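A short write-up of the structure that comes next.
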Protein chains: 2
Amino acid sequence: MHYKLALIGFGNVARALARLLIRKQDLLKSQYDVTFSFTGISTGSHGFAVNPNGLDIQKALELVESGQSIFPLSSFNVKNSLDVINHSSADVMFENSPVNTQTGQPALDHIRTALNLNMHAITANKGPVVHGYRELTALAKSKGKRFGFESTVLGGAPVFSLYREAFPLAELTSIKGIFNATTNVILTLMENGEAYDDAVKYAQSIGLAETDPTNDVDGWDAAIKVAALVTVLMDTPMTPQQVNPTGIRGITPEMIAKAKAEGKRYKLVCSAEKVGDKVEASVSPQLVDSTSPLYGMMNSSTGITFRTDVILDYSISLSEKPGMKGGPVETAYGLFADFVNAVK
Amino acid sequence: MHYKLALIGFGNVARALARLLIRKQDLLKSQYDVTFSFTGISTGSHGFAVNPNGLDIQKALELVESGQSIFPLSSFNVKNSLDVINHSSADVMFENSPVNTQTGQPALDHIRTALNLNMHAITANKGPVVHGYRELTALAKSKGKRFGFESTVLGGAPVFSLYREAFPLAELTSIKGIFNATTNVILTLMENGEAYDDAVKYAQSIGLAETDPTNDVDGWDAAIKVAALVTVLMDTPMTPQQVNPTGIRGITPEMIAKAKAEGKRYKLVCSAEKVGDKVEASVSPQLVDSTSPLYGMMNSSTGITFRTDVILDYSISLSEKPGMKGGPVETAYGLFADFVNAVK
């Protein structure tokens, strides 16, 4: 079976996905008899290209990475992402446009359009999960297609598929974890004596924090992940605004030194708990001691603990070594896993 | 769809499974339109019973828990486990006979018989995984049935299904973890100043360690779990003898005090790594520091870290609170999850 792929968004993650697909193409063929070609690409600032007979992906990577437009590769005159989706004849659309916490756009429209054209829609974007989970899941189901978003929360490491496949008929009562790598790096560096500003600069230098670190340090990235998990796994729609996060700006070197002397650490703890019919969620800095699964998560490590009625405190974590940043490749693997699970 | 179930072995885990199935029966019916009845039970010392029209499971639980034989419930004159399998007309056989590390028997024969009679075969027994994985998996496949063993390694918490479902086409390069709860409890207590013998007695008192703790403290339970994981996930047959474990008897209070002063801990570390075409596996006490995901696993907590070519160091862990022992219920959930995944 041959699959035509459209890449909406062609930044670090989407390009890592293209390379991962190429690296795994022999395995896809031998294990599942699946082949693929790229028929549409939409970039943020390097143009748009469509060719239902297949685009030269290596050429597209070269063009974008040398700052040139991909438009010369196109067989259609396409001018925006919706044009690309509409003319790509794709079977699968990968959505990696920038996250919009408030509205989920334009990702929501991209995914609606793709599903309506009978494509699988797979995204690393948390916006459409928080703002459109029920609608998009129902639409996908009505089309016999998949709305996949495995890579939205723990950077490509399985969370949603884990829960769906490995915990049948279990009742999830709470989740707790560290969901934001940037703040965890900053807190780790501060524990080692660095000043807050220097720690932020380091996180920016390794490509983890953005130029404006507000989204991370004030807890909004963590909050949208909490909202996505609650929306999907607890079947309770929730927005980041409802999570109302507290970030790490209030944590002083003195507080960290005092905690360290007591064998404790500050972590930006994310949690959500079912209380009766409601879900109470929060993101805030908390002290944890060495008996907590969160204590050992240093640097850019992240993780989550599930508590259910059948298995007490099952945790997953993604450990990174200092200085290493698997980021785009791991997030790309989440998209890849959604693809394989959709077509296998 | 109605499923007839045979329970081969009716100890703590199998009885917890029976109760869990009863507790979840409405959910099985509403979610998957699955109903069930028990048509065969084989116990270690309270007899055997078969009734293809359904046994009174509550009565069977009462009889065994008050030390009586279940034979009066039987409609056939059955005298052993193979009789029960053969006469039960079951669709699913749950195998929970005692583990035999050396041969995998009698579990191997029970599972062969069940699969040949077109039953799904689901076990919490590590023996047949280590001694029959390839044969039993091929036999199950040829019959269109499932050989399930989710509950063999991390006490019911998903490991095999996690890897199978959530890591498609990933290449597993190493696993590392703490697989034996008893030794972890003993090491935790010793770190808190208790003597080895007292720690062993405590582990026995909470039903974790057996009267003869050799299997745990000398590393054999951990070794058979390593062998099972390597056999299944690395597709490389391995026996516990090949793992050749070192246990915790050599760890002295002095060694533990010295480690503690250095901010480290002894853990009975299980590992397996692909080196060229081979797999190198080991079980031995090792010092870990607070940057290790294993450091925070205290008391009866267990866990495993996967390293793959696509996601670096993905860990899962099962945390238990001091004094709590989810044991039988959690292992029972692993069997239940295999059942749901087989029939859904």
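So you know, we letter chains A, B, ... as the sequences are listed, proteins then strands, and number each from 1. For the numbers below, each heavy atom of this structure counts, side chains included, while hydrogens, waters and symmetry mates do not. This one's a predicted model, so the numbers in the text were calculated from it and none came from an experiment.
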Inset, instruction - Compare all side-chain heavy atoms of B/L169 with those of A/F336 and state whether any distance is below 4.5 angstrom. - result: yes
Inset, instruction - For chain A, find which of B/R164, B/R23, B/Q31 contributes the most heavy-atom pairs closer than 4.5 angstrom. - result: B/R23
Legend entry - Rounded distance [0.5 Å steps], CD in B/E171 versus NZ in A/K24: 6.0 Å
Inset, instruction - Find the one option among A/L27, A/L154, A/I311, A/T188 whose heavy-atom pairs under 4.5 Å with chain B are most numerous. - result: A/I311
Inset, instruction - Output the distance between atom CD1 (B/I316) and atom CD1 (A/I304), rounded to the nearest 0.5 Å. - result: 14.0 Å
Inset, instruction - Sort A/E165 into side chain, backbone, both or neither according to what part of it lies under 4.5 angstrom from a heavy atom of chain B. - result: both
Inset, instruction - Below 4.5 Å from any heavy atom of chain A, which atoms of B/F339 appear? Answer side chain, backbone, both or neither. - result: neither
Legend entry - B/L294 versus chain A, the contacting section by heavy-atom distance below 4.5 Å: neither
Inset, instruction - Tell me, for A/F160 versus chain B, whether the close heavy atoms (under 4.5 Å) come from the side chain, the backbone, both or neither. - result: neither
Inset, instruction - Against chain A, work out which of B/S161, B/S292, B/S317, B/G263 has the most heavy-atom pairs shorter than 4.5 Å and name it. - result: B/S317
Legend entry - Gap separating the CZ atom of A/F167 from the CG atom of B/L162, nearest 0.5 angstrom: 9.0 Å
Legend entry - A/K145 NZ: over 12 foreign heavy atoms closer than 6.0 Å: yes
Inset, instruction - Look only at the side chain of A/Y314 and the backbone of B/P158, and say whether a donor-acceptor pair between them is shorter than 3.5 Å. - result: yes
Legend entry - Heavy-atom neighbours of B/K141 NZ exceed 12 at 6.0 Å: no
Legend entry - A/K344 atom NZ: more than 12 heavy-atom contacts under 6.0 Å: yes
Inset, instruction - Considering only heavy atoms and a distance below 4.5 Å, find which of B/A166, B/G296, B/P168 pairs most often with chain A. - result: B/P168
Inset, instruction - Measure the spacing between CD of B/E330 and OG1 of A/T308 and express it to the nearest 0.5 Å. - result: 8.0 Å
Inset, instruction - Determine yes or no for a side-chain-to-main-chain donor-acceptor pair under 3.5 angstrom, with B/Y333 supplying the side chain and A/D309 the backbone. - result: no
Legend entry - chain B contact via A/V310 - which portion, at a heavy-atom distance below 4.5 Å: both
